[in-house]
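What follows is a single structure, written as structure tokens, with notes after it.
In this text the structure is predicted, and so the values were computed from the model without any measurement. Throughout, protein chains are lettered first and strands after them, A, B, ... in sequence-line order, and every chain is numbered starting at 1.
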Amino acid sequence: MVEYSSPNTNKPLHLGHLRNNFLGYSVAEIYKAIGYTVHKVQIINDRGIHICKSMAAWSLFGNGETPDSSGLKGDKLVGKYYVEFDKAYKQQVKKLEGDGMPTPQAERDAPIMKLAVDMLQKWEAKDQPTLAMWKTMNGWVYKGFEATYTRMGVDFEKLYYESDTYLLGKEEVLKGLAAGVFFKKDDGSIWVDLTADGLDQKVLLRADGTSVYMTQDIGTAILRFRDFPKIEGQVYTVGNEQEYHFKVLFLILDKLGYAWAKKCFHLSYGMVDLPSGKMKSREGTVVDADDLMEEMVEDASEQTLELGKTEGMSENEVADLGEMIGLGALKYFLLKVDPKKRMLFDPNESISLQGHTGPFIQYTHARIRAMLRKAEERGAVQAFDPALLSGLEPSERDVIARINQYPAKLQEAAREYSPAVVANYVYELAKDYNQFYQTIPVLIESDPSKLAFRLAFSQMVATVLRSGMSLLGIRVPERM
RNA sequence: GGUCCGGUAGCUCAACUGGAUAGAGCAUCAGCCUUCUAAGCUGACGGUUCCGAGUUCGACUCUCGGCCGGAUCACCA
């Protein structure tokens, strides 16, 4: 089982989520390719103070605004009110401080914060109007996310919601307490002691009985193994800032006696940084996922048109090609780097379509396919004559040797949880093939067995390119 | 401060897990379209693999010690 994406429901998806989604999707596909049955899931963080902040701001300033009335995507609308909350909150804190209130108290007493906290409490008490607003606003967000996921080309077999799993987490924690795995402090809060494992003590349930992040994750993990009893393990695609959290989670599950805890893996990846440093929503430096995809597709479409590649294509084909190339460039850019490493993204320097890029590989595929179509028209056949293997040209030998590496590369990619291995391999293959293509004009070959042989391995290259790229979630065109 | 991750060409990244001359792309410069798509190909330029020891026939890779960058060590998620 591979978990990925797992956003908060208070703001839209951004560049960091793109890396997460492409990574998780790709790792799942890679495991499928080597024979596993894979379930793609995510946990949606649909409850908590963050969504209450958006709710508070919307109830104060929203005037009943909806996605329909405003024409805004649902997630964008809710995100807008999250920003509104932050603005109003800061103003209120400043004002209270100006009136001589100490900062911590001002932060607590700002009216809009009080409203958000009040909503959280009402939510937990199942207050109907609050629940209704929560459902409505989350519904907007889900619809918005859905559109984003569709364009990204990612999918999920099952969605988990924290609002459904945190109670199970609580139960499990109480069971663990009864079993002596956890302990209770005087104030009533429940803890786990991991000092023997070199870690600290961690709180699992607050004194007031409410759950923390860890509680929910315990419940979610257990629920998944109940839902899918056959799964061997879980992969959590989550940023490296949560490494400690998962170390603790896996230890706790192990202590609770779940043998599969040892088969849980945190696919930890580095942040995507901007030239200015980290993305900060408060500073407005967040690169929005929808916007970025749109820009990539527009750029790609423009360049495709300029290069005169669209001749003879229908409007739909042209649009689809732009989509394929733009998203291919973006996905490849994010996946070619080792997941562990943090990476740099410069929004001013748009992602290149030349060189070590997705479109380079797409182009190689399209060119092979064009050649093969022409060969077919001429009635040429594909045939693999092993006798020819001894007299290969160097460029042919390189290509064939490269093709043969594919299965091993898939194993390696799976073992390392690294789509980058596939991405780099596919690039090498395309590069080798282009060299061959440049030195040996295939179609003018007069020896029929040589011609058939070259056509055969050219087709094989096209197939491997298509296959490898599909593991990265990237489609390849028949012409471009 | 403890733990984890990273540091390779001006920039972005590789390097089959210890093998031979450390490779690509971008950028710069010079070439290649009367042969299948030039989003391509060829060449030039570019390296003290952060530093210092050690292990080894052999180290970008392993060990130890430093330096730099990031993350984390919350009754936040």
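- Under the Watson-Crick or G-U wobble criterion, with both distances below 3.5 Å, rA30(B) is paired with rU42(B).
- Regarding the sugar-base torsion, rC33(B) falls in the syn class, its angle being within 90° of 0.
- Arg415(A) and Glu412(A) are not joined by a salt bridge, as no carboxylate oxygen comes within less than 4.0 angstrom of a charged side-chain nitrogen.
- Pair assignment for rG47(B) gives none, since no Watson-Crick or G-U wobble pairing has each distance under 3.5 Å.
- The shortest distance between the side-chain N/O atoms of Lys341(A) and the OP1/OP2 oxygens of rG7(B) is below 4.0 Å.
- Between the NZ atom of Lys374(A) and the C1' atom of rU35(B) there is a distance of 10 Å, rounded to whole Å.
- Note on ring orientation: taking the six-membered ring where Trp is involved, the planes of Tyr425(A) and Tyr406(A) are parallel (angle under 30°, cut-offs 30° and 60°).
- Tyr236(A) and Ala221(A) get closest at one heavy-atom pair: OH-CB, 3.5 Å.
- For Leu344(A), whose side chain is taken as the heavy atoms from C-beta onward, the closest listed nucleotide among rA71(B), rU12(B), rA24(B) is rU12(B).
- Between Arg466(A) and Glu478(A) there is a salt bridge, since at least one side-chain N of the basic residue sits less than 4.0 Å from a carboxylate O of the acidic one.
- Base pairing of rG1(B): its partner is rC73(B), meeting the Watson-Crick or G-U wobble criterion (both donor-acceptor distances under 3.5 Å).
- Glycosidic conformation at rU17(B) (O4'-C1'-N9-C4 for purines, O4'-C1'-N1-C2 for pyrimidines): syn, within 90° of 0.
- Taking a pair to require two hydrogen-bonding distances under 3.5 Å in either a Watson-Crick or a G-U wobble arrangement, rU63(B) pairs with rA53(B).
- One can place CD of Gln411(A) at 14 Å from P of rU17(B), the figure rounded to the nearest angstrom.
- When both pairing distances are held under 3.5 Å, rU37(B) makes no Watson-Crick or G-U pair with any nucleotide shown.
- Rounded to an integer number of Å, the gap from Met343(A) CE to rC5(B) C1' is 16 Å.
- Remark: rG23(B) base-pairs with rC13(B); criterion is Watson-Crick or G-U wobble with both hydrogen-bond distances under 3.5 Å.
- Between Phe182(A) and Leu205(A), every side-chain heavy-atom pair lies at or beyond the 4.5 Å cut-off.
- For the pair Tyr332(A) OH and rA14(B) P, the interatomic distance rounds to 11 Å; values are reported in whole Å.
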